[in-house]
Trainee: 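Got a structure for you, questions after.
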2 protein chains.
Amino acid sequence: MSRSNPRVLSTLERAGGFASAQEVYRLMQREGQKIGLTTVYRSLQSLVNDKIVDVLRRDDGEAIYRLCGETHHHHLVCKSCGETVEIEGGAIEKWALNVAKDHGFREVGHTAEIFGLCSKC
Amino acid sequence: MSRSNPRVLSTLERAGGFASAQEVYRLMQREGQKIGLTTVYRSLQSLVNDKIVDVLRRDDGEAIYRLCGETHHHHLVCKSCGETVEIEGGAIEKWALNVAKDHGFREVGHTAEIFGLCSKC
DNA sequence: TCTGAAATGAAAATGATTTTCATTTCCATG
DNA sequence: CATGGAAATGAAAATCATTTTCATTTCAGA
Ligand SMILES: [Zn+2]
Ligand SMILES: [Zn+2]
Ligand SMILES: [Zn+2]
Ligand SMILES: [Zn+2]
């Protein structure tokens with residue numbers, strides 16, 4: 001496993017909001033940074049593994065990445081423009097734990113995402 | 001715009017749950033149906049436009065389709081052996097709708113999955 | 001039957017992502 | 001200071017889903 005190139009993380013921060021691997025790469029190019037597309041992909045993957053960034057999908061299927069806070073949370077995403085709101089998941093955390101306990105499951109985790117059309121779309 | 005080839009819809013129904021375009025195509029091939037991959041893609045797109053079918057994304061980015069109005073449920077999956085329990089998501093449905101409404105989103109949908117270790121693992 | 005629009009599908013193009021693999025950079029040890 | 005090997009890098013090729021092209025077929029209506 002390769003470790004993340006810190007310039008990738010720095011660029012993603014600077015990009016603000018979501019950016020795809022291709023976008024991060026282009027941005028670094030424009031800024032004159034010398035880096036390969038492969039390294040950008042590998043670094044972003046690594047950041048996702050380390051849970052330092054979130055990865056979502058655009059409507060067209062392209063993966064987009066974003067720095068996310070430390071706390072566990074969920075996303076409300078606009079299907080059309082991609083606007084994203086981070087959501088506290090208190091209710092769903094309880095739901096997941098209860099459902100799992102009812103069925104005798106341990107070491108429980110969950111994923112949840114809400115999508116729809118935002119007010120502007 | 002092309003209209004949907006009815007055999008595509010029929011195959012998606014028969015597939016049960018979600019299926020990607022490639023999977024629908026392979027299924028039709030196995031069944032000896034003569035159809036082109038292009039037509040499968042076009043038909044699925046058309047069904048999505050007509051809101052007869054929902055489209056989501058797998059983690060790997062592949063688009064998956066399912067009939068609208070199929071009974072909605074969630075899954076509790078064992079990380080180790082893959083045992084799966086179908087879950088009614090009453091609580092999470094309300095949560096998703098409320099969160100979305102609070103942020104002015106329309107046409108709301110959601111995904112949710114719980115995973116853990118089952119009692120046997 | 002004739003005619004044009006719609007449907008079809010094979011093949012090529014596209015575009016993101018992954019894989020390969022040779023090269024470069026690091027680093028610890030002698 | 002070597003120097004040997006592990007990790008990182010990136011160019012190019014490979015993958016793979018999806019879209020586009022375009023020539024052909026189907027089909028409904030005149
Ligand atoms: Zn986040
Ligand atoms: Zn929007
Ligand atoms: Zn199990
Ligand atoms: Zn639900």
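Source: prediction; values computed, not measured. The figures that follow rest on heavy atoms only: side chains count, while hydrogens, waters and symmetry mates do not. Letters A, B, ... mirror the listed sequences (proteins, then strands); counts begin at 1.
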Trainee: I'd like to check the salt bridge (charged side-chain N to carboxylate O under 4.0 Å, His left out) partners of B/Glu31; sequence neighbours left out, ordered by chain and number.
Mentor: B/Arg14
Trainee: Within the 3.5 Å criterion, strictly below it, is a donor on B/Tyr41 or B/Gln45 matched to an acceptor on the partner's side chain?
Mentor: no
Trainee: With distance as the sole criterion, is a donor-acceptor pair present between the side chains of A/His75 and A/Glu113 under 3.5 Å?
Mentor: no
Trainee: Taking protein heavy atoms under 4.0 Å as touching, what does nucleotides 9-25 of chain C look like 5' to 3' if B marks base contact, S marks sugar-phosphate-only contact and - marks none?
Mentor: BBB----SBBB------
Trainee: Which whole-number value in Å describes the distance from A/Arg3 CZ to D/dA6 P?
Mentor: 16 Å
Trainee: Do B/His74 and A/His110 pair up side chain to side chain, a donor and an acceptor below 3.5 Å, judged on atom types alone?
Mentor: no
Trainee: Over how many whole Å does the gap from B/Arg58 atom CZ to D/dA17 atom P extend?
Mentor: 10 Å
Trainee: I'd like to check the salt bridge (charged side-chain N to carboxylate O under 4.0 Å, His left out) partners of B/Glu62; sequence neighbours left out, ordered by chain and number.
Mentor: B/Arg58
Trainee: In whole angstrom, give the distance that lies between atom CG of A/Leu44 and atom C1' of D/dT9.
Mentor: 15 Å
Trainee: Tell me: CG of A/Asp60 to P of D/dT18, nearest whole Å?
Mentor: 11 Å
Trainee: At their closest point, which heavy atom of B/Val99 faces which heavy atom of A/Leu76, and how far apart are they?
Mentor: O-CD2, 4.0 Å
